[in-house]
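Both ligands and their constituent atoms are indexed starting at 1 by order of listing. The chain is numbered in sequence order, starting from 1. Every heavy atom of this structure was used, including side-chain atoms; hydrogens, water molecules and symmetry mates were not.
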Amino acid sequence: MVEEIAQSKLHVAIIMDGNGRWAAARGLPRTMGHRAGIDALKRTLKAVKDLPISHLTVYSFSSENWSRPLAEVSELMQLLRFYLRSDLQSLHKEGIRIRVIGERETLANDIVEMIENAEKLTSNNTGLALTIALSYGGRQEITAAVRGIAKAVSRGEIKADAIDEMTVQKYLFTAGIPDPDLVIRTSGEKRISNFLLWQSAYAEYVFTDVLWPDFSATHLAEAIDEYHMRERRYGATGGNSLE
Ligand code: IPE
Ligand code: IPE
Ligand code: MG
C-alpha cells in the first residue's frame with residue numbers, strides 16, 4: 001500500500017507568479033517577464049517527463065488579472081495566441097492532452113476557437129494531462145457550478161436533497177480531472193489568489209521565492225521531494241500515532 005502511494009503519479013498545479021518582478025529586476029518592461037515565463041513553462045513541460053507526474057495544471061491568467069492595464073492584458077493574450085500557434089503540434093506529438101479551464105465567455109472568439117481546436121486535437125492523447133487555467137477564478141468556478149446545479153434542479157433533473165460533493169465536482173470546470181496533490185507557488189507570495197479553491201482542499205503547498213521565469217527542472221524536483229516528505233492525513237490521525 002505504502003509503495004503503491006509512493007509510486008502513484010501526481011497532479012501538480014503551479015501558480016506561475018513573479019514575471020513582472022523578474023523583468024523589473026532587469027530594468028525590462030513587464031511583458032519581457034511574461035515572455036520569459038513562457039520559456040519557463042516550456043522547460044517545466046520537459047522536466048515533467050522525468051518525474052512521476054500525470055497531471056499538470058498551470059495558472060496562466062486569473063479572472064482578476066483582467067483588471068491589469070489594457071496593454072499588459074493584450075500582450076498576455078497575444079503571447080497565448082503565439083504559444084498555441086507555435087507549440088500545439090509539438091505538444092500533440094509529445095502525447096500531451098490539453099484542457100483549458102476558466103470563464104470562456106470572457107475570452108476573444110479567436111482564442112476560444114484555438115482552445116477548442118487544441119482540446120479536440122489532443123483529446124485522445126494519453127500522455128501528460130495539461131490543464132491551462134485561463135481567465136480562471138475559483139470563486140467564479142464555484143458560482144458557475146451553483147448556477148448550473150440550480151438550473152438542473154429547476155428542470156427536475158436533480159433533486160435538491162440528492163446534491164452531494166460528486167454533484168458539485170461534476171459541475172466544476174475541472175470535472176473529470178483528479179484533485180491536485182501538490183500546489184507550487186513561485187515568487188515568494190504565500191497566498192492562493194483564487195486558484196482551485198474547491199480542488200485544493202487537501203493539497204500540499206510548496207511556496208518558493210524563485211520568480212517564475214527562473215523556475216527550473218531542479219526547483220520542480222525539489223518541490224516534489226518536499227511533497228514526498230509530507231504526511232497527508234486528510235483529517236485522520238497520523239501514521240506514527242499509537243492506537
Ligand atoms: C504572473 O506574473 C503572470 C500573471 C499573473 C499573468 P505577474 O505578472 O503577476 O508578476 P509579478 O507578480 O507582478 O511579479
Ligand atoms: C496569480 O498571480 C495568477 C497567476 C499567476 C496567473 P497574481 O499576481 O495575479 O496574484 P496576486 O495579485 O499577487 O494575488
Ligand atoms: Mg503576480
Side-chain angles (χ1 to χ4, degrees), residues 11-45 47-48 55-84 87 98-108 111-112 114-115 118 130-144 172-174 177 180 182-200 203-216 219-220 223:
H11 178 177
V12 176
I14 308 182
I15 303 175
M16 309 183 290
D17 196 18
N19 295 351
R21 278 163 282 171
W22 182 92
R26 286 161 180 75
L28 299 169
R30 293 177 59 84
T31 53
M32 295 305 285
H34 296 316
R35 279 167 202 229
I38 293 201
D39 292 336
L41 176 60
K42 291 184 188 181
R43 277 201 306 275
T44 302
L45 283 168
V48 159
H55 292 72
L56 179 74
T57 299
V58 290
Y59 204 4
S60 67
F61 190 87
S62 74
S63 300
E64 288 70 28
N65 288 149
W66 289 111
S67 65
R68 292 189 179 196
L70 186 62
E72 182 171 349
V73 171
S74 305
E75 173 75 14
L76 281 164
M77 292 299 149
Q78 214 34 43
L79 282 174
L80 177 79
R81 284 185 179 95
F82 188 75
Y83 176 66
L84 282 178
D87 283 41
I98 300 172
R99 218 166 120 176
V100 178
I101 53 168
E103 300 177 288
R104 238 167 245 212
E105 61 281 7
T106 60
L107 298 168
I111 292 186
V112 174
M114 287 174 106
I115 289 169
L130 172 66
T131 303
I132 302 171
L134 175 66
S135 193
Y136 173 89
R139 286 187 171 184
Q140 289 80 351
E141 174 183 47
I142 293 169
T143 306
L172 296 175
F173 298 143
T174 52
I177 301 173
L182 166 65
V183 177
I184 300 169
R185 181 170 190 150
T186 59
S187 90
E189 307 296 353
K190 291 176 184 65
R191 54 178 171 258
I192 56 175
S193 302
N194 211 6
F195 188 46
L196 302 178
L197 296 183
W198 170 283
Q199 299 86 342
S200 297
E204 295 296 329
Y205 282 88
V206 169
F207 296 100
T208 167
D209 288 339
V210 174
L211 300 173
W212 176 249
D214 290 327
F215 195 75
S216 68
H219 299 123
L220 181 60

Report the part of Phe61 in contact with ligand 2, treating N, CA, C, O as backbone and CB onward as side chain, heavy atoms under 4.0 Å; options are side chain, backbone, both, neither. backbone
If we only count heavy atoms from C-beta on, is the Val206 to Leu182 side-chain gap below 4.5 Å? yes
For ligand 1, is Ser187 a contact, meaning one of its heavy atoms is under 4.0 Å away? no
Considering only non-hydrogen protein atoms, determine which one is nearest to atom 10 (O) of ligand 1 and report residue, atom name and distance to 0.1 Å. Gly20 N, 2.9 Å
Just to confirm my output: which protein heavy-atom neighbour is closest to atom 3 (C) of ligand 1, and how far is it? Asn19 ND2, 3.6 Å
Ser62-ligand 2 polar pair, N/O distance under 3.5 Å: no
Look at ligand 1 and say whether His34 reaches it with a heavy atom at a distance under 4.0 Å. yes
Within ligand 2, which atoms have a heavy atom of Asp17 less than 4.0 Å away? 2 (O), 8 (O)
Nearest non-hydrogen contact with atom 6 (C) of ligand 1 belongs to which option: Ala23, Ser193, Ser60? Ser60
Side-chain donor or acceptor of Arg21 paired with backbone N/O of Ser187 under 3.5 Å: yes
Here the atoms of ligand 1 under 4.0 Å from any heavy atom belonging to Arg21 are 11 (P), 12 (O), 14 (O)
Among all protein heavy atoms, pick out the one at the shortest distance from atom 9 (O) of ligand 2; state its residue, atom name and that distance to 0.1 Å. Asn65 ND2, 2.9 Å
Identify, for atom 2 (O) of ligand 2, the protein heavy atom at the shortest distance, and state residue, atom and that distance. Arg185 NH2, 3.6 Å
Atom 5 (C) of ligand 2 [closest protein heavy-atom partner, distance rounded to 0.1 Å]: Met16 O, 3.5 Å
cation_pi(Arg26, Trp22) dist<6.0 Å, angle<=45: yes
Under-4.0 Å salt bridge between Arg139 and Glu64: no
Can you tell me if Arg68 contacts ligand 2 (heavy atom of the residue under 4.0 Å from the ligand)? yes
Between the main-chain N or O of Leu196 and the side-chain N or O of Tyr136, is there a donor-acceptor pair closer than 3.5 Å? yes
Within the stated cut-off of 2.8 Å, is an N/O/S atom of Asp17 closer than that to the Mg ion (ligand 3)? yes
Among Gln78, Glu75, Glu72, which residue satisfies the side-chain hydrogen bond (donor to acceptor under 3.5 Å, both in side chains) criterion with His34? Glu72
Would you confirm whether Arg43, through its side chain, and Ile38, through its main-chain N or O, come within 3.5 Å as a donor-acceptor pair? no
What is the closest protein heavy atom to atom 12 (O) of ligand 2, and at what distance does it sit? Arg191 NH2, 4.6 Å
Over all heavy atoms of both residues, which pair between Glu103 and Ser63 is shortest? Give the atoms and the distance, please. OE1-OG, 3.0 Å
Test of understanding: with ring-ring contact (aromatic ring centres under 6.0 Å, His included), list the residues that count as partners of Phe82, not counting sequence neighbours. none
Would a distance-only check, ignoring hydrogens and angles, find a side-chain to backbone donor-acceptor pair under 3.5 Å from Arg104 to Val100? yes
